[in-house]
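Chain naming here is simple, since letters A, B, ... match the order of the sequence lines and numbering starts at 1 in each. The model shown is predicted, which means the values in this text are computed figures rather than measured ones.
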2 protein chains.
Amino acid sequence: MKKELVTLKKIAQILDLSTSTVSRALNDHPDISEATTKKVKQLAQSMNYVPNIFAKGFRKHRSNIIGVIVPNITHYFTTTMLRGILEEAAVKGYRVIISESNNDVLKQTEMLNTMMQFGVDGILASLTKMTRDIDNILPILNKVPLILFDKVSNKIPCTQITINDEEAAYNAIEHLINIGKKRIAIIKEREFSYTSEKRFSGYLKALKDHDIEIDEKIIISVDDISLIQGKRMANHLLSIKKRPDAIFAITDSAAIGVIQTLKKFNINIPEDIAVVGFSNSSHSTIIEPKLTTVDQPGEKIGKNAVKYLIEEIESTTDILTNKMIEIKGNLIIRDSTFKV
Amino acid sequence: MKKELVTLKKIAQILDLSTSTVSRALNDHPDISEATTKKVKQLAQSMNYVPNIFAKGFRKHRSNIIGVIVPNITHYFTTTMLRGILEEAAVKGYRVIISESNNDVLKQTEMLNTMMQFGVDGILASLTKMTRDIDNILPILNKVPLILFDKVSNKIPCTQITINDEEAAYNAIEHLINIGKKRIAIIKEREFSYTSEKRFSGYLKALKDHDIEIDEKIIISVDDISLIQGKRMANHLLSIKKRPDAIFAITDSAAIGVIQTLKKFNINIPEDIAVVGFSNSSHSTIIEPKLTTVDQPGEKIGKNAVKYLIEEIESTTDILTNKMIEIKGNLIIRDSTFKV
DNA sequence: TATTGTCACGCAAACGGTTGCGGGAACGAT
DNA sequence: ATCGTTCCCGCAACCGTTTGCGTGACAATA
C-alpha cells in the first residue's frame, strides 16, 4: 500500500529548481519563463505527478467537494437530478458527496453540520417535508454557500431551484378542462410543502380562469402523499355524492394509487374519470392506462443547481444571493386523460 | 465567509498548554492525565472545535472518504444499495463520493483514477457490462483497497459481493416447475456478464435436477437486457412452433416487456404462460399481473460492501483479500406465476 | 556611468495537526 | 544522598503546497 509519492520537491530536485518555481510553473504563473514551464510540465507528466489534494486543500481552504442532501435517494426523480449534479460537477472539477436524510429533520441538520465540518465548498439541499424550523439551517448560510433544489423553502434566504410547479399544474388542469372535464378533484399535501402549495395554486387559478366552481369537497389533503394514500383518497372521492370526473394527484405515486382503485371499481379511465399525476416517474408508463403527467427535467435541475452553486463558491463577493430559478416542466399526455 | 477557525493552538493558548498536549488529549493518548484530558475536551466542546480535515488528512494520509462507482444511478436496485452504503459509511465515520459510469468503460477507468488521485481511502465499484479488459483496473489494486459489488468479475482478484444469483435462479425455476410448467424459456444476456451466467447456470441446474429437457430454441440471449428487448423476445418466443409455458427473464424490466406483449396477444398469465423476473424492482407491483421476482436485499449488499471495505482499509496487513460474499435473495411469488 | 525597470527565480514562512524524543518532577527503593 | 521509574507534558520537526517578498542579472533609459 505504500507508494512513492511524486512531490513538487522531487521534481524540483531533478530539475535543479525550487519547489516554488515548480509550483508556479504548473499553475501557469506569469513569473515563470515559457521554457521552464514547459520543462516542468513535461517532467511532471512523465513522472505521473498528481498534486496532493490534502496539502492543497490545507493551504487554500478549498476541497473541491460539494455536499448534496436529499430526502430519499430511491426516488427516480431524485436520481435524475443526482445524475445532472454528478455530471455537471465532474466537468467543473468538483467531487460530490451525497447524504440521505430519510425525511428526518434531525438527520438533516446533523448532515448539514457534518458536511460543513468536513470542509465542503458548498451544499446543495433538497429539504425534508417538515422542515418548519429554519433555525438549524440559517447558521449554515454564512459559513458556506447553500442552494436549495426541488424541495425548497421560501423562508430561507438563498437561491432556490425548482420546476415551475404553478404553471405546470395550471397546464395540467387546463388540459383536463379542454378534454371536457368540469369537476376536477385534487389530492395534495396537508403539511406545508412549497411545491404542493404551488401546484395547488396553479390548480385554483386554472379553475378560476375557466369559470369552474371550486368545491372544497373535492380538494383533498393528506399527510404523506403516497400510493396508499392515493388509493384511500380515491375510495373517498368515489363515495361522495357528486363524483369528480377527473382527479389531479400532485404526485405520480398517488395518481397510480388512484388508478388502481378506479380499476378495481371498473371505472373507465379516462371516460368516467381522468387521472393526471406529476413527475413522469418511470412507473407512469408501466401502469395501465399509461399516466398523463408532468415531466420534470431532473438532470437540468441538477445541472443548474451545481452551476449556481459553483458560481457562488467561486465568487469573491460575500453577498447572499437569493434568486428563484424555475425550470420548465412539460405536460405529457397519455392514456389516462386521452384515448386515441 | 471568513470564519475564525478554532484550532489546537488557540485551545492550547487559553489553557496554557502545548498544542501537542491538546492534540493528544483529544485523541485519548495515555500520556495525558485524566484531569487535563477532561479540561481540554470540555473547552474544545464549548468552543465548538472541529479538527481541520485537511491538516489531518495531510498528516495521516487518510481522507475518510470512500469512492463509489455505479453504472447507472437511476436504477432502483442501485439506489437501495447506495442507501445501504451511505448508512453504513455514516455510522463508521466515512463520507461517500459517488460517480456514475453510464456503462462506459472509459469513463469508468477515468473515474477510478480520479478517485485515487483524490485520495479516497477505498473504492466500491459495480462494473459496467462490458468490462473485458481488466488491465485498467488491476493497477488500482495495489494502490487502494477495492471491492466489487453487484456487477462483479471473477477476473479481478479482490473481494466481491453479490447475491446468490445461481441459487436464487434455481429457486425461481423450481417454483415454475412446481406449479406445473414444463417448458421454461429464459431471456439472458449475450455479452459475458457474471450475474447473467450465474442465473443461467441456476436455470440449467434446476431443469436437470427435475429431468426437464433443455431446448436451446427457448434459451434467448440479447445484447442489452431491457424492456424493449423483453418485448421483442416475447414476440419471438410466441412465433416458434412449440411455445414455452413459462418465461424467466433475468431482469424485471425485460420481464415487464414480456408481460406487456403477452397481454397484447391476450395470452393468459400465468395460465398459458407464467413470467418471472429478477430484482423486485418497484415496477414489479405496478404491472398487471404483479410480477413474481427475486428480491435482492440492496441495502444489505451495500452495508456489507462498506463493512468489508473498511475492514481492508483499516487492516495493517497488505495482503490482497479475495473473498466471495453472497447475500441471499428471496423469491417473491406474485400473480404472474400463481393465481389465488 | 548611474539609475530605474523588468524578468525569472529562490527563500522562507505559513496552513493545522501529529508524533518521536527528550526532560522535569515526583516518588519509592537502595 | 543517589539512582531508577513512572507520569505528564513540551519541543520541534514534519507532511506538500502556496505565496509574499527579496534578489541578482540584464536591458533600457537618462
Side-chain angles (χ1 to χ4, degrees), chain A residues 1-41 43-44 47-65 93 116-119 121 314 316, chain B residues 1-41 43-44 47-65 93 116-119 121 314 316:
Chain A
M1 201 106 354
K2 274 281 141 289
K3 212 60 227 171
E4 281 313 309
L5 269 283
V6 182
T7 70
L8 285 187
K9 204 192 291 178
K10 223 161 268 169
I11 296 180
Q13 278 177 351
I14 296 177
L15 256 42
D16 200 30
L17 289 169
S18 73
T19 59
S20 45
T21 303
V22 176
S23 168
R24 281 193 256 255
L26 292 173
N27 292 323
D28 288 314
H29 194 285
D31 262 12
I32 308 301
S33 72
E34 221 172 292
T36 310
T37 300
K38 196 175 155 194
K39 212 167 53 180
V40 169
K41 283 192 176 176
L43 183 62
M47 289 179 72
N48 229 311
Y49 167 77
V50 286
N52 182 310
I53 198 84
F54 298 111
K56 203 172 201 166
F58 184 31
R59 276 289 313 192
K60 316 249 289 188
H61 290 282
R62 269 289 183 76
S63 59
N64 274 42
I65 303 181
M116 279 218 22
Q117 291 177 22
F118 190 69
D121 291 342
E314 295 182 347
T316 50
Chain B
M1 202 103 352
K2 273 282 141 293
K3 211 59 226 170
E4 281 314 309
L5 270 283
V6 181
T7 69
L8 284 187
K9 205 192 292 179
K10 222 161 268 169
I11 296 180
Q13 278 176 350
I14 296 177
L15 256 42
D16 200 31
L17 289 169
S18 71
T19 59
S20 47
T21 302
V22 176
S23 168
R24 283 192 255 255
L26 292 174
N27 292 321
D28 287 315
H29 194 286
D31 263 10
I32 308 300
S33 74
E34 221 172 292
T36 310
T37 301
K38 195 176 156 195
K39 213 168 49 181
V40 169
K41 283 192 175 174
L43 184 63
M47 289 180 72
N48 228 310
Y49 166 78
V50 287
N52 182 310
I53 197 84
F54 298 111
K56 203 173 203 163
F58 184 31
R59 278 294 313 192
K60 316 248 287 189
H61 291 279
R62 268 290 183 77
S63 59
N64 274 42
I65 303 180
M116 278 215 26
Q117 290 178 21
F118 190 69
D121 291 343
E314 296 181 349
T316 49

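- Rounding to the nearest 0.5 angstrom, the gap separating the NZ atom in A/K56 from the CZ atom in B/F54 is 12.0 Å.
- Using a 4.5 Å cut-off on side-chain heavy atoms (C-beta onward), A/M116 and B/V50 make no contact.
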Going 5' to 3' through nucleotides 12-20 of chain C and flagging B where a protein heavy-atom sits under 4.0 Å of the base, S where only the sugar-phosphate is that close, and - otherwise, we get B-BBBBBBB
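- Remark: B/K38 engages no residue in a side chain to side chain donor-acceptor pair (under 3.5 Å) (not counting sequence neighbours).
- Side-chain contact between A/F118 and B/I65 is present, with at least one heavy-atom pair separated by less than 4.5 Å.
- Residues passing the side chain to side chain donor-acceptor pair (under 3.5 Å) test with B/S18 are B/S20, B/T21, sequence neighbours excluded.
- Each end of the helix from C/dT1-D/dA30 to C/dT30-D/dA1 gets its own rotation axis from five pairs of C1' atoms, and the angle between them is 60° to the nearest 10 degrees.
- Taking the 5' to 3' direction, DNA chain D first and last meets chain B under 4.0 angstrom from a heavy atom at D/dC8 to D/dG16.
- Checking the phosphate oxygens (OP1, OP2) of C/dA8, no side-chain nitrogen or oxygen of A/T36 falls inside 4.0 Å.
- Residues satisfying the side chain to side chain donor-acceptor pair (under 3.5 Å) criterion with B/D121, sequence neighbours excluded, are B/S63.
- Interatomic distance, OG1 of A/T36 versus NZ of A/K41, reported as 12.0 Å (0.5 Å rounding).
- Under the side chain to side chain contact (heavy atoms under 4.5 Å, CB included) rule, A/V22 has a single partner from A/T37, A/T7, A/I11, A/I32, which is A/I11.
- Counting heavy atoms from C-beta outward, B/L15 and B/V40 have side chains that approach closer than 4.5 Å.
- To the nearest 0.5 Å, atom CG of residue A/L8 and atom OH of residue A/Y49 are 3.5 Å apart.
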